K.L.:
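The structure that follows is given in the form of structure tokens.
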There are 2 protein chains.
Amino acid sequence: MTLPGTKQRLLDAAERLFADEGFHNTSLRAITGRANVNLAAVNYHFGSKEALLDAVIERRLSPLNAVRRENLEAVRGEARDAGRRPKTEETLRAFIDPTLRFRESGPGAEAFITLLGRILAEPDASLRELFIRRIKPLFLLLFQILRESLPELDERTLFWRLQFVLGAMGHTMCWAGRFGELPEELPAPSVTTEALVRMLLDFLTAGLEAPCATTNE
Amino acid sequence: MTLPGTKQRLLDAAERLFADEGFHNTSLRAITGRANVNLAAVNYHFGSKEALLDAVIERRLSPLNAVRRENLEAVRGEARDAGRRPKTEETLRAFIDPTLRFRESGPGAEAFITLLGRILAEPDASLRELFIRRIKPLFLLLFQILRESLPELDERTLFWRLQFVLGAMGHTMCWAGRFGELPEELPAPSVTTEALVRMLLDFLTAGLEAPCATTNE
DNA sequence: GTCTATAGATTGATAGAC
DNA sequence: GTCTATCAATCTATAGAC
């Protein structure tokens with residue numbers, strides 16, 4: 001059990017600041033200041049500010065994706081063994097549950113989940129790419145399994161419905177820990193992760209399984 | 001029919017650049033350059049960069065919100081006159097249809113819709129506030145009508161489901177015109193606004209009307 | 001209203017001593 | 001690996017001539 005080294009302290013500080021203030025609105029000085037580290041350390045250890053963001057993403061996304069992949073493969077495997085189609089809800093849960101629970105996996109993890117939620121809407125294409133590159137294979141796997149779950153949906157409809165799923169999820173990831181920043185006249189929306197997952201699954205499963213208007217072209 | 005003046009050219013240029021590159025990643029020089037206007041014009045006409053963003057939002061959000069409000073009031077009024085509850089789908093359509101169609105209302109309008117979609121996930125709280133302040137009354141109206149539509153949902157569940165709706169919508173607004181930037185191995189997702197609205201309504205109506213797990217606390 | 005010129009602060013990145 | 005010092009570029013904002 002050693003104290004966190006310079007590299008890890010930089011990752012922690014950057015993770016928090018990128019999530020709270022945004023990449024372009026966070027200076028290297030703010031990061032190194034929060035990390036109690038010399039200004040030059042970022043470029044020494046990571047090479048550039050953007051490479052630091054990449055490392056922030058890599059550090060936590062890699063294990064998170066491993067769990068999600070395992071879960072998805074398990075759902076597919078069990079369905080195959082039983083000679084049935086994977087259920088929409090268990091497919092979704094395999095993906096969503098570890099994601100939202102990840103917030104509780106330690107300090108900084110909630111900041112990371114917020115960061116992920118926000119990067120989906122990131123205007124700077126080169127920053128978005130850092131994330132897309134690392135998530136695309138998993139996204140394709142999810143798409144593939146959902147296609148098995150919902151063979152009556154045409155591909156384009158499924159594609160867009162999956163986008164709706166990602167949008168709802170990303171928004172939730174941005175805001176799960178941050179009420180009441182927004183609402184005053186609204187019901188106190190504090191909620192356990194358990195209940196949030198339940199609500200998301202109910203909503204998204206129903207949306208994905210909704211009857212489809214005749215394929216329009 | 002006059003040529004667009006300095007002020008309007010600045011709004012047009014800023015709208016596009018804020019949507020494409022992000023607020024903090026867009027310099028006043030980039031804006032005035034694109035607008036073919038002197039650097040000092042921004043501060044003369046608007047006072048600051050942030051006030052320029054505010055004006056960009058105000059210009060188009062004001063009429064868009066007026067239409068959405070009118071539609072929502074009409075849905076509520078018709079339901080009351082007929083002595084029934086407003087239907088979830090027509091409530092959603094009153095809000096969503098004008099929003100997505102707004103993209104086609106002129107050059108720059110698609111950039112604006114992208115900008116709106118992105119600002120939901122904006123990390124900089126003071127920028128988010130510019131938008132929240134202008135959307136909150138409409139959001140409360142939507143919440144209120146949906147509560148009439150779905151009286152069997154507890155308030156907290158409805159609140160979160162409405163967040164899921166906003167997330168899916170915002171994500172769609174970000175990406176509606178931008179495929180295929182993302183996908184290569186995926187079905188060409190080009191789609192008419194008509195079909196997109198149809199798909200969103202099918203998905204979100206089913207999600208909102210999904211049976212609710214017993215109220216958990 | 002539009003321009004030039006520039007103040008004044010901050011940025012990401014690097015060179016070189018230790 | 002860590003530090004100081006600094007470069008060169010960029011930024012928002014403003015003063016003042018026209």
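Given the structure is predicted, the values throughout are model-derived calculations rather than measurements. Proteins come first, then strands; the chains are lettered A, B, ... in the order of their sequence lines, and each starts at number 1.
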K.L.:
Does this structure show an ion pair linking R118(A) with E122(A), if we count only N-O contacts that are shorter than 4.0 Å?
P.N.:
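The answer is no: the pair does not qualify as a salt bridge.
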K.L.:
Nearest whole angstrom, please: distance from the C1' of dA13(D) to the CZ of F46(B).
P.N.:
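Distance check: F46(B) CZ to dA13(D) C1' gives 16 Å.
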K.L.:
Whole angstrom is fine here: how far is it from NZ in K49(B) over to C1' in dT14(D)?
P.N.:
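That distance rounds to 17 Å.
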K.L.:
For H24(B) and dG12(C), give me the distance from atom NE2 to atom P, rounded to whole Å.
P.N.:
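After rounding, the reported distance stands at 13 Å.
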K.L.:
Go nucleotide by nucleotide along DNA chain C from the 5' end; which of A40(A) and S27(A) gets its closest nucleotide reached first?
P.N.:
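Checking each residue's closest nucleotide, the 5'-ward one belongs to S27(A).
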K.L.:
Report the distance from atom CZ of R9(B) to atom C1' of dG1(C), rounded to the nearest whole Å.
P.N.:
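Whole-Å distance recorded here is 13 Å.
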K.L.:
Whole angstrom is fine here: how far is it from CD in Q8(B) over to P in dG1(C)?
P.N.:
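Distance, rounded to whole Å: 14 Å.
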K.L.:
Of all the nucleotides listed (dT14(D), dT2(D), dC3(C)), which has the minimum atom distance to the side chain of N38(B)?
P.N.:
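So the side chain of N38(B) is nearest to dC3(C).
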K.L.:
Could you state the atom-to-atom distance from OH of Y44(B) to P of dT12(D) in whole Å?
P.N.:
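So the two atoms are 21 Å apart, to the nearest Å.
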K.L.:
Determine, for E89(B) against R198(B), whether the closest basic-nitrogen to carboxylate-oxygen distance falls under 4.0 angstrom.
P.N.:
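Here E89(B) pairs with R198(B) in a salt bridge, since their nearest N and O are under 4.0 Å apart.
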K.L.:
Look up atom CZ in R103(A) and atom CZ in F112(A), then write down how far apart they are to the nearest 0.5 Å.
P.N.:
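Result: 12.5 Å between the selected atoms.
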K.L.:
Can you tell which of dT11(C), dA13(D), dT2(C) lies closest to the side chain of H45(B)?
P.N.:
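Nearest nucleotide to the side chain: dT2(C).
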K.L.:
Should the pair R16(A)-D12(A) be classified as a salt bridge under the 4.0 Å nitrogen-to-oxygen rule?
P.N.:
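No, no charged N to carboxylate O under 4.0 Å.
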K.L.:
Distance check needed: dT6(D) P versus L39(A) CG, whole Å only.
P.N.:
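So the two atoms are 14 Å apart, to the nearest Å.
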K.L.:
What's the closest nucleotide to the T6(B) side chain, out of dT2(C), dT14(C), dC11(D)?
P.N.:
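Nearest to the side chain of T6(B) among the choices is dT2(C).
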K.L.:
Please compare R29(A) and F23(B) by the position of their nearest nucleotide in DNA chain D and report the one closer to 5'.
P.N.:
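The 5'-side residue here is R29(A).
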K.L.:
Measure the distance from CG on L52(A) to C1' on dA13(C) and round it to the nearest whole Å.
P.N.:
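Nearest whole value for this atom pair: 14 Å.
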K.L.:
Could you work out, with side-chain contact (heavy atoms from CB on, under 4.5 Å) as the rule, every residue matching D97(A), not counting sequence neighbours?
P.N.:
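Partners of D97(A) under the side-chain contact (heavy atoms from CB on, under 4.5 Å) test: R93(A), R101(A), V197(A).
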K.L.:
Contact class for T32(B) (heavy atom, under 4.0 Å): base, sugar-phosphate, or nothing?
P.N.:
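Nothing, no heavy atom under 4.0 Å.
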